[in-house]
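The structure under discussion appears below in the form of structure tokens.
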Amino acid sequence: MHVTASVEAPPATGVAAARALDAVKTYGSGTAAVHALAGVSVVFPAHRFTAIMGPSGSGKSTLMQCVAGLDRLTSGSAFIGETPLSALDKTKLTLLRRDHLGFIFQQYNLIPSLSARENMLLPLSLARTKPDMEWFQSVVATVGMSEQLDRLPSQLSGGQQQRVAVARALIPRPELIFADEPTGALDTRTGIEILSFMRKAVDDHGQTIVMVTHDPHAAAFSDHVLFLADGRIVDEMSDPTAERVLDRMKRFEG
């Protein structure tokens, strides 16, 4: 049965594509409690590329997952546009993610029985929406997968599978894309190509990207870097370079 419920779309323009206010995420209780987020307030500007960095256990992936509606905060608020995620039931939250957000994960999360083409078009198929074929072909050509569209994931290399995952996130033209270590399992050349395409999506098509990464070279493709430690934002950097990011990370680790 086709679900017809709807969620108000995030604004096409505006200051914030997403934001968090006093975000707290706690796992466990009592002396065993772990505070993955310890009161984070942050704005992710529309039409910008933001990177989130920090050591293992700093809360960077938890922050992204809670702002993206993939996990619930213990307290505080998360918003997509002006929509408070806490006000949405499970169905409306699913529809919001499906219709307005894109996701790129290091694990690819491709459906093994579907071809590369079918995996790329899966979000639109679930929404029963026809693709813009000109845009589809442009994305496919940019990620270099025009000759592999009929292949199954098992017939593709890891880099090709990640290209499919990136295309799947971009083809529906979501207002906001969340990427969790999108190039972590890729060789350097493929990673640079993927990051360059993500940068182009922001610059040329006005999309918004929030990316979690541990790689200073990946962060250098962003407009702004947030640094997390112990569940808090402890620093930030505009117009980053790999060298500046690496230097900043060394200071945190020291």
Side-chain angles (χ1 to χ4, degrees), residues 17-18 42 44-45 47-56 58-71 80 97-98 100-111 116 119-123 138-145 148 153 156-228 237 240-242 245-246 249:
V42 62
F44 297 107
H47 317 305
R48 301 280 282 175
F49 190 159
T50 304
I52 306 174
M53 302 193 74
S56 178
S58 62
K60 55 187 185 295
S61 290
T62 301
L63 176 61
M64 190 203 75
Q65 289 166 3
C66 289
V67 174
L70 298 173
D71 199 357
I80 297 295
R97 292 195 301 258
R98 186 195 72 184
H100 304 296
L101 307 181
F103 297 94
I104 306 171
F105 297 105
Q106 187 175 344
Q107 296 80 11
Y108 317 139
N109 293 332
L110 304 182
I111 305 299
N119 268 288
M120 290 178 185
L121 294 174
L122 184 59
S138 174
V139 172
V140 170
T142 302
V143 299
M145 290 298 293
Q148 292 85 25
L156 301 173
S157 69
Q160 289 172 331
Q161 290 183 55
Q162 186 64 309
R163 291 166 188 261
V164 173
V166 170
R168 178 182 59 191
L170 290 168
I171 285 168
R173 297 196 189 202
E175 286 90 347
L176 175 57
I177 295 171
F178 291 98
D180 193 355
E181 300 282 8
T183 60
L186 302 179
D187 62 85
T188 300
R189 179 180 175 181
T190 302
I192 290 173
E193 290 176 351
I194 294 298
L195 289 163
S196 297
F197 185 49
M198 292 167 65
R199 178 73 257 174
K200 184 179 177 66
V202 174
D203 292 339
D204 295 353
H205 302 290
Q207 291 186 289
T208 305
I209 295 177
V210 175
M211 176 182 70
V212 168
T213 183
H214 69 280
D215 183 359
H217 295 281
F221 282 83
S222 71
D223 297 301
H224 195 80
V225 182
L226 301 174
F227 297 94
L228 268 69
M237 179 187 295
T241 65
V245 171
L246 181 59
M249 291 297 292

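Here the structure is a predicted model, which is why all the values come from computation and not from measurement.
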Closest approach of [X] to [Y] (non-hydrogen atoms, all atoms of both residues):
X: V139; Y: L170; result: CG1-CB, 4.5 Å
X: T213; Y: D215; result: OG1-N, 3.0 Å
X: A18; Y: I80; result: CB-CD1, 3.9 Å
X: A218; Y: T183; result: CB-OG1, 4.4 Å
X: P240; Y: S222; result: CD-O, 3.4 Å
X: L156; Y: A116; result: CD1-CB, 4.3 Å

May I ask you to decide if [Y]'s main-chain N or O and [X]'s side chain share a donor-acceptor pair within less than 3.5 Å?
X: Y108; Y: G158; answer: yes
X: R97; Y: G69; answer: yes
X: D223; Y: F49; answer: yes
X: H47; Y: G206; answer: yes
X: Q207; Y: P174; answer: yes
X: Q162; Y: P182; answer: yes

Next on the checklist: For a side-chain contact (heavy atoms from CB on, under 4.5 Å) check, start with the C-alpha distance between V212 and F178, then their side-chain angles and the critical distance, and finish with the verdict.
Outcome noted: CA-CA 8 Å; V212 168; F178 291 98; over 6 Å; no
Rounded distance (nearest 0.5 Å) linking atom [atom1] of [X] with atom [atom2] of [Y]:
X: Q65; Y: F103; atom1: CD; atom2: CZ; answer: 10.0 Å
X: M53; Y: L226; atom1: CE; atom2: CG; answer: 11.0 Å
X: L246; Y: M249; atom1: CG; atom2: CE; answer: 8.5 Å
X: Q161; Y: Q107; atom1: CD; atom2: CD; answer: 12.0 Å
X: H214; Y: E181; atom1: NE2; atom2: CD; answer: 5.5 Å
X: S61; Y: D71; atom1: OG; atom2: CG; answer: 11.5 Å

Next on the checklist: What verdict does the side-chain contact (heavy atoms from CB on, under 4.5 Å) test give for I52 and F44, after you've listed the backbone C-alpha separation in whole Å, the side-chain angles of each residue and the deciding distance to 0.1 Å?
Outcome noted: CA-CA 11 Å; I52 306 174; F44 297 107; 3.9 Å; yes
Checklist entry - Just wondering, are more than 12 heavy atoms of other shown residues or ligands nearer than 6.0 Å to NE2 in H217? => result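 Atom NE2 in H217 is not packed in, count stays at 12 or less.
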Checklist entry - Step by step, would you call R168 with N109 a side-chain contact (heavy atoms from CB on, under 4.5 Å)? => result CA-CA 11 Å; R168 178 182 59 191; N109 293 332; 4.2 Å; yes
Item to check | Partner residues of S58 under the side-chain contact (heavy atoms from CB on, under 4.5 Å) criterion, sequence neighbours left out | outcome: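 Applying side-chain contact (heavy atoms from CB on, under 4.5 Å) to S58 gives P55, K60, L228.
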Next on the checklist: Checking E193 now: which residues fulfil side-chain contact (heavy atoms from CB on, under 4.5 Å) with it, not counting sequence neighbours?
Outcome noted: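 So E193 forms a side-chain contact (heavy atoms from CB on, under 4.5 Å) with R163, R189.
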Checklist entry - How about P153 and N119: do any of their side-chain heavy atoms sit closer than 4.5 Å? => result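 Yes - at least one pair of side-chain heavy atoms lies under 4.5 Å apart.
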